[in-house]
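Report on one structure; see the data block that follows.
None of the values given here were measured: they were computed from a predicted structure. Per chain, numbering begins at 1; letters A, B, ... match sequence-line order.
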2 protein chains.
Amino acid sequence: MDPTRGSARPLREQIADKLRQLITNGELQPGDRLSPEEVLAEQYKVSRQTIRAALQDLTAEGLLMASRGRGRIVRAYKPLTWHISRYESRHHHEEAGDPGEDQWSTDVRAQGREPRQDVKVEIVEPPAHVADLLGVGPDELVVVRRRIRYVDEVPYQLADSYFRETLVQGTPLMQPRDVYAPGGVLASLGHIQTRYVEDLVVRMPTKGEKTQLGLPAGTPVAELTRTGYDTDGKPLRVMVTIAPGDRHRFRWELDPT
Amino acid sequence: MDPTRGSARPLREQIADKLRQLITNGELQPGDRLSPEEVLAEQYKVSRQTIRAALQDLTAEGLLMASRGRGRIVRAYKPLTWHISRYESRHHHEEAGDPGEDQWSTDVRAQGREPRQDVKVEIVEPPAHVADLLGVGPDELVVVRRRIRYVDEVPYQLADSYFRETLVQGTPLMQPRDVYAPGGVLASLGHIQTRYVEDLVVRMPTKGEKTQLGLPAGTPVAELTRTGYDTDGKPLRVMVTIAPGDRHRFRWELDPT
DNA sequence: CAGTGGTCTAGACCACGCT
DNA sequence: GCGTGGTCTAGACCACTGG
């Protein structure tokens with residue numbers, strides 16, 4: 001009866017395509033509210049469940065965001081830029097006049113936003129890949145500083161730093177609060193990091209990450225693991241950052257010589 | 001009647017949690033096949049639709065993969081490592097004995113896999129952010145080399161390189177095939193790239209990327225944009241790489257001095 | 001062919017956010 | 001209270017994969 005029926009492509013997909021086009025066209029702008037499910041169901045002459053299936057696909061693609069009672073809106077992305085290669089550079093700290101806080105906070109403030117971080121210190125068995133990078137045995141305990149970083153009081157990223165216990169025993173790094181020293185706390189303890197290795201993988205968040213960071217459906221994360229080595233080539237610190245894709249743009253500046 | 005009913009958490013979520021735990025526990029290993037929907041529906045005493053909802057959530061998290069007629073399996077991740085900071089380094093090419101192919105192919109081969117790439121050359125109006133990085137006007141035409149790269153004949157990543165038209169007019173870079181020169185083709189044309197800026201964002205793939213790369217649901221991508229500058233600080237090339245998260249691990253090695 | 005996931009419907013009730 | 005999305009059911013048919 002209906003010509004759209006029986007065609008090769010399923011209805012949910014046809015509807016998703018149409019809506020997707022409206023969004024990429026710009027006819028639906030970021031922040032715009034979509035019609036309620038019931039109205040769309042009437043418009044496209046399908047059941048509410050079918051409309052929901054189409055909308056769910058677009059949500060999983062990161063194009064839409066739903067909230068009960070308020071409706072669905074087109075998602076807006078305004079990632080802050082994170083200048084990775086400037087991090088941990090003493091040089092940069094000195095150039096910047098050393099404002100008395102870490103590079104992350106400085107970087108955020110420079111983009112006109114307000115940084116804050118919660119810190120928690122634990123002694124744990126490290127995850128396998130962290131143990132590997134730190135060069136400790138799988139059962140050896142390590143100290144981890146877990147930070148939740150906020151921008152304008154909205155959760156922004158998770159950053160866990162792992163240290164060998166002997167390295168930080170009795171130092172300010174064992175205190176569950178924001179610590180800072182010119183050039184970095186490790187440097188002030190006599191440990192100079194001369195080389196970094198950074199690993200980055202892209203994946204969907206775990207359930208825990210999703211709730212800690214308040215991530216809407218369809219938001220992937222970058223897991224950035226930075227290992228710092230001292231002058232002897234011994235690993236000093238492993239830092240694992242969980243960075244949601246909708247809030248982050250990473251930038252490296254490289255001078256190969 | 002049923003004690004699980006009416007509890008705070010929806011059934012789909014409870015079921016998803018249980019299955020997720022089986023996977024993270026290791027009771028369900030990567031590659032394992034799940035019971036069919038109907039069996040699970042019986043087991044958990046819910047309708048098939050409810051089971052499907054739970055399974056869909058896990059699929060969107062990247063934990064499961066479904067195919068019609070074959071069932072659902074637990075996803076396995078075996079990303080290849082991509083040594084970013086070695087790329088485009090003439091130094092590295094010379095050290096490696098310069099095998100007569102680009103750094104990507106060399107890197108893939110070194111991990112015991114077989115690289116291949118399809119190349120297509122087009123003249124287009126560049127996307128806004130590319131025009132910006134290349135330093136051309138929004139209506140100015142540019143040359144783009146579009147590559148689809150395969151590893152063991154499986155699509156691996158998309159890599160589009162943009163050049164100003166005047167730069168590559170009449171050079172081998174206009175040919176739609178694999179080109180190579182020691183130190184890079186640009187270098188052999190007298191254009192030395194001395195500085196790189198890399199931007200990386202994490203997002204869900206577009207529909208086109210999903211089909212071109214054959215991405216299963218729940219697979220995010222990294223969009224890596226590398227801009228190369230010549231000795232005068234003028235942008236020479238912008239390369240945009242779309243790298244699926246399930247196939248990539250990026251590595252940078254940095255020596256801040 | 002049997003077994004599997006994919007689509008679709010009609011109808012019901014619930015939970016949240018706003019005014 | 002009303003409007004919104006979220007959950008859930010029962011049942012039907014289709015489309016792909018494999019033996």
Side-chain angles (χ1 to χ4, degrees), chain A residues 1-19 28 31-60 63-75 207 210-211 214-218, chain B residues 1-19 31-60 63-75 207 210-211 214 216-218:
Chain A
M1 320 194 166
D2 197 320
T4 57
R5 252 71 169 186
S7 84
R9 305 162 41 74
L11 289 171
R12 63 182 299 173
E13 214 174 301
Q14 294 180 39
I15 294 167
D17 285 351
K18 276 183 196 159
L19 293 172
L28 279 173
D32 282 1
R33 208 164 139 285
L34 268 74
S35 309
E37 298 175 352
E38 228 168 67
V39 175
L40 291 173
E42 258 180 56
Q43 264 179 40
Y44 290 102
K45 303 205 197 308
V46 294
S47 79
R48 189 177 153 227
Q49 291 301 338
T50 300
I51 282 291
R52 279 179 64 74
L55 293 172
Q56 257 174 33
D57 288 353
L58 296 174
T59 306
L63 293 175
L64 299 180
M65 231 176 58
S67 34
R68 200 153 27 185
R70 246 181 317 186
R72 275 192 180 77
I73 60 167
V74 179
R75 270 183 85 169
K207 215 187 146 196
K210 218 162 149 180
T211 57
L215 302 183
Chain B
M1 319 196 164
D2 195 321
T4 58
R5 253 69 171 187
S7 84
R9 304 162 42 71
L11 289 171
R12 63 181 299 173
E13 215 173 299
Q14 294 179 39
I15 294 168
D17 285 352
K18 278 181 195 160
L19 293 172
D32 282 0
R33 207 163 139 285
L34 268 75
S35 309
E37 298 174 351
E38 228 168 64
V39 174
L40 291 172
E42 257 180 56
Q43 264 180 39
Y44 290 102
K45 303 203 196 309
V46 295
S47 78
R48 189 178 152 226
Q49 290 300 337
T50 302
I51 283 291
R52 280 180 62 76
L55 293 172
Q56 257 174 33
D57 288 352
L58 296 175
T59 305
L63 293 175
L64 299 180
M65 230 176 59
S67 33
R68 194 148 39 179
R70 247 180 320 187
R72 276 192 179 76
I73 60 168
V74 179
R75 270 183 86 167
K207 214 187 147 197
K210 219 162 151 180
T211 57

Between Arg68(B) and dG6(C), is there a contact of a side-chain N or O with OP1 or OP2 at under 4.0 Å? no
For the pair Arg72(B) (side chain) and Glu37(B) (backbone), establish whether a donor and an acceptor sit closer than 3.5 Å, ignoring hydrogens and angles. no
Please state whether the phosphate of dT7(C), meaning OP1 or OP2, lies under 4.0 angstrom from any side-chain nitrogen or oxygen of Thr50(A). no
May I ask you to say what Arg12(B) touches in the nucleic acid, namely base, sugar-phosphate or nothing, with a heavy-atom cut-off under 4.0 Å? sugar-phosphate
Look only at the side chain of Arg33(A) and the backbone of Arg70(A), and say whether a donor-acceptor pair between them is shorter than 3.5 Å. yes
To the nearest angstrom, the CD-C1' distance between Gln56(A) and dT7(D) comes to 11 Å
Please tell me which of Ser67(B) and Gly71(A) maps to the more 5' nucleotide of DNA chain D, matching each residue to the nucleotide holding its nearest heavy atom. Gly71(A)
Shortest non-hydrogen pair, Ala54(A) vs Ile15(A), comes out as CB-CG2, 3.9 Å
Answer yes or no: side-chain N or O of Gln49(A) and base N or O of dG11(C) forming a donor-acceptor pair under 3.5 Å. yes
How long is the line joining CG of Leu58(A) and C1' of dG5(D), in whole Å? 16 Å
Step by step, would you call Val74(A) with Leu34(A) a side-chain contact (heavy atoms from CB on, under 4.5 Å)? CA-CA 8 Å; Val74(A) 179; Leu34(A) 268 74; 3.9 Å; yes
A quick test of your reading: do over 12 heavy atoms of other residues, nucleotides or ligands sit less than 6.0 Å from CD of Glu38(A)? no
How long is the line joining CD of Glu37(B) and C1' of dC14(D), in whole Å? 14 Å
Distance check needed: dC18(C) P versus Arg70(A) CZ, whole Å only. 5 Å
Nearest-Å distance for atom pair CD1/C1', residues Ile73(B) and dT4(C): 14 Å
Could you state the CZ-C1' distance from Arg52(A) to dT4(D), rounded to the nearest angstrom? 11 Å
Side-chain N or O of Arg72(B) versus OP1/OP2 of dT17(D): is the shortest distance under 4.0 Å? no
Using whole Å, what does the distance between atom P of nucleotide dC13(D) and atom CG of Leu11(A) come to? 17 Å
Rounded to the nearest angstrom, tell me the gap between atom CD in Glu42(A) and atom P in dT4(D). 12 Å
Describe the nucleic acid contact of Arg48(B) in one word from base, sugar-phosphate, nothing, applying a heavy-atom distance below 4.0 Å. base
